[in-house]
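Have a look at the structure below, then the notes.
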Amino acid sequence: MILTNHKDFNLKQTFDCGQCFRWDMNESGVFVGVAGGYVIEAFQTEKEIIIDCPDEDFIIEYFDLKRDYGKIKNSINKDEIIKAAIQLGGGIRLLKQEPWETLVSFIISANNNIPRIKKIINTLCQSYGEKIWHKGEKYYTFPSPEKLAVLTREDLAPIKSGFRDKYIIDAAQKIASGRIDLSSIYNMGSDEGRHVLKQIKGVGDKVADCVLLFAYQKFDVFPKDVWIKRIITNLYNISEKDIDAFVEKKFSSLGGFAQQYLFYFGRC
DNA sequence: GTACAGGTTCCGT
DNA sequence: ACGGAACCTGTA
């Protein structure tokens, strides 16, 4: 699959704005990731983006290719700060990721750093995911809730997730038993979805909001991690308790997009 | 050695 | 209800 008109799509920005953990660049500058049960390769030149995946429909959905990001950027371009952020990270796309994988990934992200988050997820997949062969190399899918629901904390010890192990198991059990139905959240509003997700141990507002935004495309939510709090308080001179009201007033239903541009801007 | 990391839970007022 | 300490592990 080759995309030629990609002014609103940049691979590095998309994979580097903190929404995903399973994409890496190899020696040749090709991004390789596992999603939707496929090993996907993506490469960007000045003129085109080349994506290698057997399922084109999946790619269109995963990279949110039907959406007009130019229009979104215009809508949220309210001041010089967000304007600069859009200038820097205007190629970010919000990936539509698997709810279960996104949920566990952000449970693991709690009080953690990105290299270690990636390492833990990678080890979890190697230990309990399904093997996929690609160009003579082994890759692994993200393990199912059923597979993880029967594990003990001792079983998970090798992945070194620390105190988060019990949260992963709790999530797996609640999903596998059907006590929580992740697919039902697609049809919920953000507040209702957040309430459901927070029934899982290790899921608070921040983790729930990341899942709502990165898996369910609830674009009105604005996940507030320590970085975005620093960025908003410093750049906009807003106190921490006023962030919600500020974001709602400025970006309303498109807060999630603004969050990603500002996050990327603040960290680069 | 010790501080701290994309947060949440637990335990004290 | 509310605020602070504790939490696994790895790295600086």
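Below, read A as the first sequence line, B as the second, and so on, with proteins coming before strands; counting in each chain starts at 1. Please read all numbers here as calculations on a predicted model, not as lab measurements.
Looking at A/Asp16 and A/Tyr264, their side chains never bring a donor and an acceptor atom within 3.5 Å of each other. Of the N and O atoms on the side chains of A/Thr152 and A/Asp155, at least one donor lies less than 3.5 Å from an acceptor on the other residue. A/Tyr236 and A/Asp79 share a donor-acceptor pair across their side chains, judged by distance under 3.5 Å alone. No side-chain donor-acceptor contact under 3.5 Å links A/Tyr140 and A/Asn122.
With a cut-off of 3.5 Å on both pairing distances, the Watson-Crick and G-U wobble pairs of DNA chain C assemble into stems of 3 or more at B:2-5 with C:9-12, B:7-13 with C:1-7.
Residue A/Ile117 is in base contact, counting any heavy-atom pair closer than 4.0 Å across all strands shown. Among the heavy atoms of the strands, none lies under 4.0 Å from A/Ile107. Residue-level contact check: A/Arg230 touches the backbone only, with heavy atoms under 4.0 Å from sugar-phosphate atoms and none from bases.
Within 6.0 Å of CD on A/Gln13 lie more than 12 heavy atoms contributed by other residues, nucleotides or ligands. Around the CD atom of A/Gln199, the shell of radius 6.0 Å holds more than 12 heavy atoms that belong to other residues, nucleotides or ligands.
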Under 3.5 Å, N/O pairs linking protein and nucleotides 8-11 of chain B:
unit_1 : atom_1 : unit_2   : atom_2 : d
B/dT8  : OP1    : A/Gly204 : N      : 2.7
B/dT8  : OP1    : A/Gly204 : O      : 3.1
B/dT8  : OP1    : A/Asp205 : N      : 3.4
B/dT8  : OP1    : A/Lys206 : N      : 3.3
B/dT8  : OP1    : A/Val207 : N      : 3.1
B/dT9  : OP1    : A/Gly202 : N      : 3.0

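Taking atom CG of A/Asn112 as the reference point, atom P of C/dT11 lies 11 Å away to the nearest angstrom. Spacing between atom CZ of A/Arg116 and atom P of C/dT9 amounts to 8 Å, rounded to whole angstrom units. One interatomic measurement links the two molecules: CH2 of A/Trp227 to C1' of B/dG7, which rounds to 15 Å at whole-angstrom precision. Atoms CG (A/Asn111) and P (B/dG6) sit 9 Å apart, rounded to a whole Å. Atom P of nucleotide B/dG6 and atom CD1 of A/Ile232 are separated by 17 Å, given to the nearest angstrom. As a whole-Å value, the separation of A/Lys119 NZ from C/dG10 C1' is 8 Å. Between A/Ile120 atom CD1 and C/dG10 atom P there is a gap of 8 Å when expressed in whole angstrom units. The NZ atom of A/Lys229 sits 12 Å away from the P atom of B/dG6 (whole-angstrom rounding).
Between the side chain of A/Arg153 and the base of C/dC8 there is no donor-acceptor pair of N/O atoms closer than 3.5 Å.
For A/Lys73, the side chain to side chain donor-acceptor pair (under 3.5 Å) partners two or more places apart in sequence, or in a different chain, are A/Asp8.
Nucleotides C/dC2 and B/dG6, compared at atom C1', are 24 Å apart to the nearest Å. Taking atom P on both nucleotides, B/dT9 is separated from C/dG10 by 23 Å, rounded to a whole Å. B/dT8 and C/dT11 have their P atoms separated by 24 Å, given to the nearest Å.
In summary, the aromatic rings of A/Phe214 and A/Phe106 are positioned with their centroids under 6.0 Å apart. For A/Tyr38 and A/Phe58, the distance between ring centers is under 6.0 angstrom.
Stacking here means ring centres nearer than 5.5 Å and ring planes tilted less than 30 degrees, and by that measure A/Phe263 stacks onto B/dG6.
Separation of atoms NE2 (A/His6) and CG (A/Leu65) is listed at 12.5 Å; rounding is to 0.5 Å.
Distances were taken from every side-chain heavy atom of A/Arg164 (C-beta onward) to each of B/dG6, C/dC8, C/dT11; the shortest belongs to C/dC8.
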